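For the numbers below, each heavy atom of this structure counts, side chains included, while hydrogens, waters and symmetry mates do not. None of these values were measured; they are calculated from a predicted model.
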Amino acid sequence: MTSRIVFLFALSLLTCVSARQNFDCQLFELDVQFADPASIAHHPKWHCLPDPARGEFYALEDEDMPSDLLEEVKAGGKWLHISGPFVNPGGRVPPGAAISIAARQKNGLTQGGRRRGPIGTSRVLVVRARFSDAAPTDSLDAISDSVFGNGNDPVNVASQYNACSKGQLTLVKGSGNENVANGMLDILVPQTITTLDSYQAEAAAATEANRVLALGTVDTSLAAFDHVMFCLPPGTNNGGWIAYGYYNWYRTVYNDRWCTYVSAQMHEFGHNLELRHSGEGVVWKADGTEDNAYRDQTGMMGYSYSGDDTPLMCFNPIKSYLLGWFADCVTDVTDPSVKTKRNLVGTADYQPNSCAQDDAVVLRVETGVSFDDGSRIEQRDLYVGYNKRDNTADGTNSGTKEYANMVTIVDGSKYQTSDLKAALSVGGQYTTGDILIKFCELANGKAVVGVGSVGQDPCVFCAADADCDNGDFCDGAETCSAAGTCVPAASGPCTEQCDEAADSCVECLANSDCSEPTPLCSGNVCVACLANSDCDNGDFCDGAETCNAGSCVAASAPCAEQCDETTDTCVACLTDADCDNNNVCDGVETCSAGACQAGTALVCDDGIFCNGLETCNAVGGCQSASAPCQAATEQCNEATDTCVCSGVQDSSFPGCCCDPDQSKFSGKGSMVKCFVDGAQQSKGYTCSAGASEAPGNGKSPFLVGASAGDADQVSANRTEEGGGSSSASMLTLALCLGLGGL
């Protein structure tokens with residue numbers, strides 16, 4: 001008990017909230033319905049709640065928020081960060097405040113109250129809020145009966161949503177908390193209603209409802225329920241309003257008896273299900289307001305009516321499409337130029353999972369047109385339905401207020417007010433742009449509707465293939481089906497490009513149809529070139545390419561020697577290697593500015609006489625020479641650069657140098673090798689002893705010529721010991737000459 005008292009005390013303190021500055025809050029859009037909506041321009045509002053489980057809120061208008069945020073927050077539930085001047089709870093955020101998406105972004109579908117979709121079972125809690133100076137007119141039982149139908153009220157929000165959805169949406173009483181009975185929570189708010197506007201009264205009621213729920217053990221806050229209805233007493237200081245609901249959030253709020261009127265209940269619950277208003281002849285103004293935003297009286301998202309059980313109707317075609325109850329029986333016309341014909345079924349006649357092939361509850365026709373309503377830009381399409389008034393037991397659409405049993409055409413999008421454009425009787429048609437929609441006939445309780453292009457009769461289909469020919473060659477041959485509908489060709493007649501003007505298949509119509517190596521289109525054929533310039537590869541050194549019959553022809557190289565691509569010129573060389581004449585003897589040639597420069601010749605002579613005269617070989621370079629002097633007979637004198645005889649040299653025979661190994665003789669007729677200028681003479685010489693001078697007598701032998709004809713080469717004899725000539729010399733000479741052949 002102590003802990004509960006402490007908790008309640010803490011909770012009570014939360015009701016006293018001071019002004020805020022620099023805070024996060026969760027944003028929800030609401031739409032207020034007035035008793036005379038024609039007198040007040042429609043304008044949605046925004047409430048931002050720092051703690052969605054409590055009542056405290058801060059008001060915003062579209063113009064308060066940066067334009068780039070409006071598109072992002074359109075689904076509701078976004079967390080914002082507001083900074084700037086202080087703002088009091090329930091007050092409007094000052095225009096100078098900075099507004100941005102909060103860093104702690106949270107999912108608005110689960111935070112601060114969940115929202116069920118339009119299919120499934122939803123738990124509903126109704127809060128009957130009494131204030132210190134006033135209470136709602138209807139009792140707890142009466143309100144519960146009008147919402148849930150406890151036996152005394154056959155038409156209520158639960159029964160009508162069940163009927164319109166064909167049992168796909170079920171609303172049940174919220175229960176579990178000890179303070180909730182029959183789906184109702186009765187509270188007393190300790191404030192006077194006359195001092196509060198409807199939004200402040202809602203906030204106060206929410207705070208008190210959370211306090212009371214917290215006394216229980218389960219479902220201890222409003223956020224535990226899928227839908228919460230606040231039934232407020234009359235007397236708020238902003239008179240004229242009848243009800244409002246939050247988009248994509250769980251709360252709806254009603255002014256006194258409007259809490260029991262089925263059309264108001266259906267309308268505001270529709271906002272929880274993210275439905276926008278249904279207008280007719282809507283006028284969007286520059287200030288963001290809308291005229292005629294409730295004038296579509298074919299469904300529940302237009303005007304609301306002060307009748308407990310009436311009128312019995314559901315929703316217009318776009319709302320029926322968005323709710324998803326007829327998903328198996330809708331047709332999307334993505335190309336209105338192709339004739340489409342469908343049998344439209346009234347919502348009261350629809351049965352789930354039994355839609356015939358050519359039937360549809362809603363026909364959606366894409367327009368490709370976007371519209372800016374001042375808050376957001378949306379693509380608006382056409383939604384076509386049959387507003388059949390039924391007289392069945394459940395009377396689902398028996399009370400439609402206008403255009404009963406007519407084909408209605410509504411222009412709209414998910415996040416904008418829809419606009420009823422036309423209501424057609426049989427034979428009637430509606431056109432917008434190039435789109436034509438016609439009510440062809442009424443057959444078997446269904447409205448037969450055709451969609452096509454202006455200038456066509458979308459109700460007339462085909463008896464033969466020729467009836468389907470649209471005159472276009474390139475989309476292939478249309479055929480007529482057994483059902484009498486035109487069927488487009490599965491594919492065009494061409495595998496490449498189609499020339500509609502010539503009714504022929506071609507390789508190309510434009511350059512974009514071609515690719516390398518034939519990137520150009522000429523005469524419907526892809527070619528490599530149309531002019532020489534198309535072939536130029538930008539390289540000078542491979543010559544000037546030319547175009548010949550659509551093909552590029554390579555050129556001959558422009559240079560006989562070397563080609564310089566950087567200067568587009570012919571040169572003798574580009575590198576030193578281009579100048580090499582393969583002869584090392586004349587040095588290393590180099591390339592300079594495109595011209596070859598001679599190298600420095602090799603110097604092979606080492607200046608030394610005695611090792612011979614070096615030579616140069618073109619491949620091998622400097623080569624060693626043979627010694628200039630004969631090793632057998634001569635010695636080299638480097639000082640005089642001469643060869644000196646190393647054997648016996650006879651002064652009588654200049655240039656003759658005898659082999660030093662044969663300077664002594666052992667007998668007459670011994671041969672002596674004689675060399676002249678290093679070369680052995682071809683004729684040998686013989687040495688003979690004088691007749692009276694036998695060998696070994698100490699006398700040198702005579703050196704005589706090899707033949708008598710060489711007598712002039714022999715002028716004296718040589719002695720081993722340097723002896724001179726004698727009178728006998730001539731005799732010896734004669735003897736030698738006489739022995740010429742020896």
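Side-chain N or O atoms of Gln168 include one that pairs as donor or acceptor with a backbone N or O of Ser165 at under 3.5 Å. Listed for the Gln33 side chain is no donor-acceptor partner under 3.5 Å among the backbone atoms of Tyr244. Side-chain atoms of Asp349 do not come within 3.5 Å of backbone N or O of Asp390 as any donor-acceptor pair.
Between Val157 and the choices Thr260, Thr252, Leu171, the side-chain contact (heavy atoms from CB on, under 4.5 Å) rule is met once, by Leu171.
For the two cysteine residues Cys468 and Cys480, the thiol sulfurs sit 2.5 Å or further apart. Across the pair Cys314 and Cys164, the gap between the SG atoms, which is the quantity tested here, stays under 2.5 Å. In this structure, Cys498 and Cys474 have their SG atoms less than 2.5 Å from one another.
A donor-acceptor pair shorter than 3.5 Å cannot be found between the side chains of Asp499 and Gln497. At a cut-off of 3.5 Å, with distance as the only test, no side-chain donor of Thr334 or Asp332 sits close to an acceptor on the other residue. The closest side-chain donor-acceptor pair between His271 and Asp31, if any, does not fall under 3.5 angstrom. Between Asn182 and Asp141, the side chains place no donor N or O within less than 3.5 Å of an acceptor N or O (distance only, hydrogens not considered).
Gly450 approaches Pro458 most closely through the heavy-atom pair C-CB, 3.5 Å. When every heavy atom of Tyr250 is checked against every heavy atom of Phe225, the shortest pair comes out as CB-O, 4.3 Å. The minimum heavy-atom distance linking Thr417 with Trp284 is given by the pair O-CZ2, 3.6 Å.
Of the inter-residue distances, the one linking Lys446 atom NZ with Glu441 atom CD reads 12.5 Å to the nearest 0.5 angstrom. Residue Leu232 holds its CG atom at 11.0 Å from CE of Met229, rounded to the nearest 0.5 Å.
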